[in-house]
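Below is one structure, written out as structure tokens; comments come after it.
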Amino acid sequence: MAAVWGLATGMVGVAAQERAELVIAQRAAATSVDPHAENFGPNLMLAAHVFDRLIHQGPKQRLVPGLATAWRLVDATTWEFALRPGVTFHDGSPFTAEDVIASWRRAVRMTGHSSISFLARVIAGMEATGPLTLRVTTREPTPLLPNTVNQIVIIPRHLEYAASADFESGAAMIGTGAFRFVGWDKGKSVRLAGNPTWWGGTVAWKTVELRAIPDDAERIAALHDRRVDVIDTVPPADVARLEAGGVVRVARTPTSRIIYLGFDVGPGVPPGTAASDGSALAANPFRDLRVRQAVARAVNRAAIVRDSMEGQAMEAAQVVLPGLFGAAPDLPPAPFDPDGARALLAQAGYPGGFRTTLNCTRQRYVNDEQVCNAIALMLTGVGIQTDVRTFPAGEFFDRAAKGEFALRLAGWGTGTGEASYTLRGLLGTRDAKVGTGVSNYGHYSNPALDAQVEAAVATFDDGDREARLAAASRVAAADLGVVPLHFQMALWATRADLLYTPTNDEFTLAILVKRAPAAN
């Protein structure tokens, strides 16, 4: 998911800055520094500073060379990668094909509920056919292998069996990236130092601190007071004021992160769900498509974008951002139709509605608590009496993975830039062996959707594969395994003398910060 640094983008090789220290304030802190442990945005962003991947992502999440300079399809299940010469790890050891193989084996072994192992498991084997030549065999035809390997961080082969504790101590935090790891104060800050031997070019910043400041007002105050130089996740309500002040700059870009409502559609009545009078229900209402349709129609997306998101979001009709490979073109969002929602509930056997609990993160997504409360009012308005519970991000995802939520508000980014990543990871039938449904916490399963996606990802013709994925996106939108709400706008603010180059993966990367040209 890391954006590419340098290459033809003009983001590296900048002249030395007058001030060589950079402090970035983040809303969410990394929960682990182990680069293979968790598919969690702040963790992946931290890893992108220290480690590299075979293939990086450039503008609009297009693939560009990373530690691999070229790749080609040998046959239906075999790919060959030419690796970049002259690259060294932070400990001085040379980068070779054996390091890639060790990194893949370690990623496959990770068993956490949100690990990246589901991505690595499409690979059947890797073989070094030379020090800088790698042959990869897949379990089945895998046209999207380049999109998959760009998610696997490369570590030195001697760290293949390192424990997460070894990374947390710093002993195993050895990559080939633009920055070297210095220290981690969990939940508070990460300290980095520029890598003078980085293969990507000159690193402008001598030291970097990634400082967690969850409170929005405090993060903005720290920027104004020059205690920090860059902040991420600027509250939409503050954009106009910040831009009018002239003291800071605001950078923005649409993102592929879908904010959605997820259901527990398992056979049992989920926690916190009951009849409208508080008595037990005979069945789980969310298993009925008509109830899910009622929820979709009860939500006024336009009002959420306008009021809760201050206009800094885009209404969603599907889980993949329009314009990305495999998104369904011209698919309209579900209409705001409270009368239709009530009629659907009555048809499903709930004329008086029912009770449930909407579970949400706290300061993980943009204005998540405001959005959550607004949706609860909308659902209550059509007869689904909705209470709200909020949790810190770490606790939220742990509870979600354990099946403790009937209804949840969460987000998902299309990390590979194409639809199968989301259709398999968020809506695929959960299967640890094949790695589908890694974030499908609600027992959702649609075999027809699974089959369409699997057929698409085995199709080598790009046009045919895109059409197949678009058809699958339409099936997903109709069946409502989750209810798409909106795509976030990513917002950053910097000191007025700095520029930030935004990327739609939402990552905040020190290498993308440079000094603004002096005014004439």
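- With no hydrogens or angles considered, no side-chain donor-acceptor pair links Thr138 and Trp79 at under 3.5 Å.
- With 3.5 Å as the limit, one finds a donor-acceptor pair spanning the side chains of Glu38 and Thr31.
- For the residue pair Thr429 and Asn440, no side-chain donor N or O sits within less than 3.5 Å of a side-chain acceptor on the partner.
- In this model, a donor atom of one side chain and an acceptor atom of the other lie less than 3.5 Å apart for Asp34 and Ser164.
- Counted by atom type alone, Asn359 and Arg408 present zero donor-acceptor pairs between their side chains at under 3.5 Å.
- The heavy-atom pair separating Thr176 from Asn195 by the smallest distance is O-ND2, 4.1 Å.
- Considering CG of Leu509 and CG of Leu46, their distance stands at 10.5 Å, rounded to 0.5 Å.
- Scanning both residues, Leu427 and Asp450, for their nearest heavy atoms gives O-OD1, 4.4 Å.
- Each of Tyr441, Phe391, Phe397 was scored for a ring pair (Phe, Tyr, Trp, His ring centres under 6.0 Å) with Phe405, with one residue passing: Phe391.
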Tell me, with the steps shown, if Val234 and Met489 meet side-chain contact (heavy atoms from CB on, under 4.5 Å). CA-CA 10 Å; Val234 175; Met489 184 77 73; over 6 Å; no
Quiz: residues 123-134 side-chain donor-acceptor pairs under 3.5 angstrom, not counting sequence neighbours:
none

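- A salt bridge does not link Arg362 to Asp368: none of the charged side-chain nitrogens sits closer than 4.0 Å to a carboxylate oxygen.
- The closest donor-acceptor contact from the side chain of Arg465 to the backbone of Thr459 lies under 3.5 Å.
- No side-chain donor-acceptor contact under 3.5 Å links His49 to the backbone of Phe181.
- Looking only at distances, a side-chain donor or acceptor of Ser103 sits under 3.5 Å from a matching main-chain atom of Ile155.
- The distance from the CZ atom of Arg53 to the CD1 atom of Ile55 is 11.5 Å, given to the nearest 0.5 Å.
- In this structure, the ring of Phe396 has its center no less than 6.0 angstrom from the ring center of Tyr365.
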Verify side chain to side chain donor-acceptor pair (under 3.5 Å) between Glu98 and Thr96, making sure each step is shown before the conclusion. CA-CA 5 Å; Glu98 295 294 343; Thr96 72; over 6 Å; no
